[in-house]
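Encoded as C-alpha cells, the structure appears first; notes follow it.
Residues: numbered from 1 along the sequence shown.
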Amino acid sequence: MLPKNFNSIIDVVKAFPTEQSCIEHLESLRWNGNVVSPFDATSKVYKCKGDKYRCKNTGKYFNVRTATLFDNTKVELRKWFVAIWIVTSHKKGISSLQLGRDIDVTQKTAWFMLQRIRKCFGCENNSELNNEVEIDETYIGGKNKNRHADKKVENSQGRSVKDKTPILGMVERKGKIVARKIETTSVAHITPEVVKTVKNAMVYTDEWVGYKQVNKIYDHLFVKHNEGEYVNGRIYTNTIEGFWSILKRGIVGIYHFTSRKHIQKYVDEFVFRYNTRNNGEHQRFNLFLQNTEHRLTYNELING
C-alpha cells in the first residue's frame, strides 16, 4: 500500500519500484482479495501463472488490467502511475508534451494516456446536490478578437454556440460540483440538467432567462449582474464563478485548445480535482485507481 505521506513523484517511485508492485496494488484496490471476472461477475475464478486468472463460466483469461484503462497498453504501469499522480495532483493539469517528457514517451502516446485517464474522471461528476446550490453557465472557445481576419466567425458574439461550447455548472456550497456540456443555455437544455442533479436545495443564479423554469421548481433567488450586483447577503454565484476561473486558466494556459468533441473529458478532469480538494494526494490517487474500469480505444477517441 502507499505510504501515509504520499506527496511527491519521488514517493510514487519509491512505493512502486517494480511492475509487480503496481499489479499487487491494483489487485488490492480493485478486488481486495476477492477476484471478480470482468466477463461474468457470478463466475468462479481460477488463479493461473503470471498474474493471470481464468473465468470458469466463460473460459476466458484475464488479469487486473482487463477492462480498465490499462487494458492492452504497452506502457508499463509504473509510468501510468506517475502520469496519474501528476494529472490528479496538478491543479491546472499537464500538457501531453510535458507529460511525454516527464515519463519518457512520445507526445502522441502521452496524449492518448491523458485521454484514457480523463475517461475515468467522470466518476466524480455525477453527485446529488442539496442545501445551498449555486448554478451558472459559461462558454469555452476562442474569441473573435484573438483570431486572424480570415479565421473570424461571423455572428459569434454573446451566447452564440457557433464557435463556443456552453457548460452548465452546479455547486453545493462547501460541497461538490457537477459540470456538464449542454447544447444551448436555453430553458429547454438547462432545466433537465438541474432537475437531474439538484434535489432539496435553495438555488442561487444570476438573472439569465434560462433559469425561469428553475424558479417554478425550487426556492430560487438571483443576483442582478446586469445592474452591477454580485453579492446580496447569501445571494451570490461566486463559488461557481471561481471554478470557471480555474477551468479557463487551465484550458488557456495548459491545453490552449479543446475541441467540442472532447471538452467534457477536460471538464470532468477539473471537476474530479475540485471534488477531491480536501483529500490527501494518496487518497485522491487511490480513489482514481478504484474507478479505472472505463476503457477508451484509440479508434473510439479519434472517430467517436
Side-chain angles (χ1 to χ4, degrees), residues 121-144 153-248 251 258-275 277:
F121 279 135
C123 65
E124 273 293 329
N125 202 4
N126 55 5
S127 303
E128 178 182 298
L129 307 181
N130 296 283
N131 303 311
E132 292 182 294
V133 175
E134 298 175 27
I135 304 175
D136 192 31
E137 74 290 341
T138 194
Y139 290 82
I140 304 296
K143 295 181 179 179
N144 256 349
V153 180
E154 293 185 2
N155 301 318
S156 63
Q157 65 269 27
R159 292 177 177 268
S160 169
V161 295
K162 282 186 176 182
D163 61 338
K164 299 184 290 292
T165 304
I167 308 294
L168 180 69
M170 298 159 277
V171 60
E172 181 176 331
R173 289 180 182 172
K174 297 183 180 180
K176 294 191 174 185
I177 192 169
V178 173
R180 299 192 183 102
K181 177 179 70 174
I182 54 177
E183 291 185 40
T184 72
T185 56
S186 67
V187 172
H189 292 125
I190 286 180
T191 308
E193 293 295 335
V194 173
V195 171
K196 182 165 58 177
T197 301
V198 180
K199 301 308 175 183
N200 183 25
M202 168 65 76
V203 171
Y204 304 107
T205 71
D206 58 22
E207 70 275 42
W208 173 238
V209 295
Y211 300 115
K212 67 179 182 180
Q213 194 67 32
V214 170
N215 191 51
K216 299 177 182 179
I217 302 172
Y218 302 91
D219 291 330
H220 175 216
L221 297 172
F222 58 88
V223 286
K224 301 175 181 179
H225 286 172
N226 288 338
E227 298 180 9
E229 179 186 71
Y230 293 92
V231 178
N232 183 357
R234 296 195 63 79
I235 310 171
Y236 56 85
T237 56
N238 296 351
T239 312
I240 185 64
E241 287 167 9
F243 175 78
W244 292 147
S245 178
I246 296 172
L247 173 65
K248 290 184 177 182
I251 289 178
T258 54
S259 68
R260 193 186 301 262
K261 179 171 71 172
H262 297 307
I263 186 62
Q264 186 62 58
K265 296 187 187 74
Y266 289 88
V267 172
D268 289 344
E269 174 187 338
F270 283 84
V271 167
F272 181 91
R273 284 195 292 263
Y274 181 92
N275 286 349
R277 63 194 181 280

Do you know the tightest heavy-atom contact between [X] and [Y]?
{"X": "Gly175", "Y": "Tyr274", "result": "O-CE2, 3.8 Å"}
{"X": "Phe243", "Y": "Ala179", "result": "CE2-CB, 4.4 Å"}
{"X": "Ile177", "Y": "Val271", "result": "O-CG1, 3.6 Å"}
{"X": "Val187", "Y": "Pro192", "result": "O-CD, 4.0 Å"}
{"X": "Thr138", "Y": "Lys248", "result": "OG1-NZ, 2.7 Å"}

Inset, instruction - Could you walk me through whether Arg173 and Arg234 pass side chain to side chain contact (heavy atoms under 4.5 Å, CB included), step by step? - result: CA-CA 11 Å; Arg173 289 180 182 172; Arg234 296 195 63 79; 3.8 Å; yes
For the atom pair [atom1] ([X]) and [atom2] ([Y]), what is the distance rounded to the nearest 0.5 Å?
{"X": "Trp208", "Y": "Thr237", "atom1": "CH2", "atom2": "OG1", "answer": "15.0 Å"}
{"X": "Asn200", "Y": "Asn131", "atom1": "CG", "atom2": "CG", "answer": "7.5 Å"}
{"X": "Glu137", "Y": "Thr205", "atom1": "CD", "atom2": "OG1", "answer": "8.5 Å"}
{"X": "His189", "Y": "Arg180", "atom1": "NE2", "atom2": "CZ", "answer": "14.5 Å"}
{"X": "Lys176", "Y": "Asn130", "atom1": "NZ", "atom2": "CG", "answer": "12.5 Å"}
{"X": "Gln264", "Y": "Asn125", "atom1": "CD", "atom2": "CG", "answer": "6.0 Å"}

Legend entry - Member of Ile167, Ile251, Thr165, Ile140 meeting the side-chain contact (heavy atoms from CB on, under 4.5 Å) criterion with Val267: Ile167
Inset, instruction - Could you tell me whether Lys199 and Glu128 have a side-chain N and a carboxylate O separated by less than 4.0 Å? - result: no
Legend entry - Basic-acidic side-chain contact under 4.0 Å: Glu269, Lys265: no
Legend entry - Stepwise ring pair (Phe, Tyr, Trp, His ring centres under 6.0 Å) check, Phe222 with Tyr211: CA-CA 10 Å; Phe222 58 88; Tyr211 300 115; 9.4 Å; no
Inset, instruction - Begin from the C-alpha positions of Tyr230 and His225 and carry the test side chain to side chain contact (heavy atoms under 4.5 Å, CB included) through to its verdict. - result: CA-CA 6 Å; Tyr230 293 92; His225 286 172; 3.4 Å; yes
Inset, instruction - Can you label the angle between the Phe272 ring and the Phe121 ring as parallel, tilted or perpendicular, going by 30° and 60°? - result: tilted
Inset, instruction - Please step through side chain to side chain contact (heavy atoms under 4.5 Å, CB included) for the pair Leu168 and Thr185, ending with a clear verdict. - result: CA-CA 8 Å; Leu168 180 69; Thr185 56; over 6 Å; no
Legend entry - Test item: side-chain donor near acceptor, Glu134 and Thr239, under 3.5 Å: yes
Inset, instruction - May I ask you to test the Thr191-Ile217 pair for a side-chain heavy-atom distance under 4.5 Å? - result: yes
Legend entry - Short side-chain to backbone donor-acceptor contact, Glu207 and Asn226, under 3.5 Å: yes
Legend entry - From CA spacing to verdict: side chain to side chain contact (heavy atoms under 4.5 Å, CB included), Asp136, Asp206: CA-CA 7 Å; Asp136 192 31; Asp206 58 22; 3.4 Å; yes
